[in-house]
Number of protein chains: 2
Amino acid sequence: MNMTAQRLMDLAEAHIRDSGYGGFSFRDLAAEIGIKSASVHHHFPTKATMAAAVAKRYGERFFTSVALRPNESAEDAISTYRSAFRAALAQDGRMCLCGVLGAGAGALAPEVAEEILSFFRRCIDDLSRRIGGPGAEARAFHVMATLEGAMMLARAYRSVEVFDQAVASLTLS
Amino acid sequence: MNMTAQRLMDLAEAHIRDSGYGGFSFRDLAAEIGIKSASVHHHFPTKATMAAAVAKRYGERFFTSVALRPNESAEDAISTYRSAFRAALAQDGRMCLCGVLGAGAGALAPEVAEEILSFFRRCIDDLSRRIGGPGAEARAFHVMATLEGAMMLARAYRSVEVFDQAVASLTLS
DNA sequence: GTCTATAATTTGATAGAC
DNA sequence: GTCTATCAAATTATAGAC
């Protein structure tokens, strides 16, 4: 994976998080880095292939950023996830990539839909283990739903404070 | 607003809730009711106009369905909202229209974005009043975020049970 | 209110030269 | 790895007849 491919993925990720799968074209990306759309097809054969690759990389980065820390409590784990989403929102005012794609999932190519589902499964699995105890999975679903929904609301309101208000009660402390 | 216009809005609403703003074209809608796309423009001058009209009607229906009932508690109000979203999801397996459009808000026409924000503002305003007391607004944001996020997750998982797990803890009882 | 016809643009994708 | 050239299809939208 060379530098051009990485720059293309960076741009695609930004566009998807802003406007969804339909929010960019190969021509857009090409123009933004000064090449032609035909050259983009050299790096990614189809748009769906590219979107799936972007989603996969997004997940890898995310799970690195929320990696388990020693001796953490359930509240710590939830705080870690909350901080990760908040940072993404505050940094560039954009949604979670998987949240955007998941919302309009009806028209997604199978390979992209799979990657999105895989991301959420892994979030729930990881969070459930780190929360632990009875009802851990339900709480994990609750946390993920609230974080994704809060990002969406914050985007509609164009206000990070909306995110903070919505997610404040996720932890006890 | 005649019958053809209503059928067009029904179809547009279903498509948007399934696949977002880019999930339908005037040709699609026209073909589904057996007319031509040029005729759709007679009822709605532009696609953005139509989407805004659909979002407005969606909001009106929603607020009718969650209308305040006498002597309700805060928990009752939250249950009412939860039931409304759950019914929409269980009925046709689709997202909240405003949630889908809100997620990919970066590319929305101003008139549509306004309608979406107006929907959420009205939800928060209504819920806050019915919840009441200190922290009512924050709780309203929390409830709305969780409900929207839970719909999105349920869609990715293709499972209504995911919705139920995610929203179970919104009420105490 | 619906039609035919069409314009103007964009899109995802391919072939083949360099 | 990037280019030119091009394709086939789809999209939003308009003009004007019936």
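Chain identifiers are assigned alphabetically (A, B, ...) following the order of the sequence lines, protein sequences preceding nucleic acid strands; residue numbering begins at 1 within each chain.
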Rounded to the Å, how far apart are [X] [atom1] and [N] [atom2]?
X: Phe26(A); N: dT14(C); atom1: CZ; atom2: P; result: 10 Å
X: His41(A); N: dA5(D); atom1: NE2; atom2: C1'; result: 14 Å
X: Met3(B); N: dG1(C); atom1: CE; atom2: P; result: 11 Å
X: Ile35(B); N: dT4(C); atom1: CD1; atom2: C1'; result: 14 Å
X: Phe24(B); N: dA10(D); atom1: CZ; atom2: P; result: 17 Å
X: Lys36(B); N: dA15(D); atom1: NZ; atom2: C1'; result: 18 Å
X: Asp28(A); N: dT9(C); atom1: CG; atom2: C1'; result: 13 Å
X: Leu29(A); N: dT10(C); atom1: CG; atom2: P; result: 16 Å

> Taking the six-membered ring for Trp, are Phe62(A) and Tyr81(A) parallel (under 30°), tilted (30 to 60°) or perpendicular (over 60°)?
Replying inline: perpendicular
> Mind checking whether Phe141(B) and Tyr157(A) have parallel, tilted or perpendicular rings, split at 30° and 60°?
Replying inline: perpendicular
Under 4.0 angstrom between [X] side-chain N/O and [N] OP1 or OP2:
X: Lys47(B); N: dT12(D); result: yes
X: Ser39(A); N: dC3(D); result: yes
X: Thr4(A); N: dT2(D); result: yes

> Rounded to the nearest 0.5 Å, what separation is found between the CE atom of Met144(B) and the CG atom of Leu147(B)?
Replying inline: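 Interatomic distance, Met144(B) CE to Leu147(B) CG, rounded to 0.5 Å: 6.5 Å.
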> From dT4(D), dT4(C), dT12(D), pick the nucleotide closest to the side chain of Ala38(A)?
Replying inline: dT4(D)
> Among the nucleotides dT11(C), dA13(D), dC3(D), which one has an atom lying closest to any side-chain atom of Ser25(A)?
Replying inline: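 That would be dT11(C).
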>> Over all strands shown, is Gly34(A) touching base, sugar-phosphate only, or nothing at heavy-atom distances under 4.0 angstrom?
In response: sugar-phosphate
>> Judged by each residue's nearest nucleotide on DNA chain D, which is more toward the 5′ side, Arg27(A) or His42(A)?
In response: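 Its nearest nucleotide being more 5', the pick is His42(A).
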> Taking the six-membered ring of Phe163(B) as reference, does the NZ or CZ atom of Arg86(B) fall below 6.0 Å from its centre and within a 45° cone about the axis?
Replying inline: no
> Should the pair Lys47(B) and Tyr21(B) be classed as cation-pi, given the thresholds of under 6.0 Å to the six-membered ring centre and 45° from the axis?
Replying inline: yes
>> Looking at every heavy atom in both Thr4(B) and Ile35(B), which two are closest together, and how far apart are they?
In response: CG2-CD1, 4.4 Å
> For the helix from dG1(C)-dC18(D) to dC18(C)-dG1(D), what angle lies between the axis at the first five pairs and the axis at the last five pairs, to 10 degrees?
Replying inline: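 Taking the rotation axis at each end, their angle is 10°.
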> Pairs in or reaching into residues 128-137 of chain B: which pass salt bridge (charged side-chain N to carboxylate O under 4.0 Å, His left out), with residues at least two apart or in two chains?
Replying inline: Glu72(B)-Arg130(B), Asp125(B)-Arg129(B), Asp126(B)-Arg130(B)
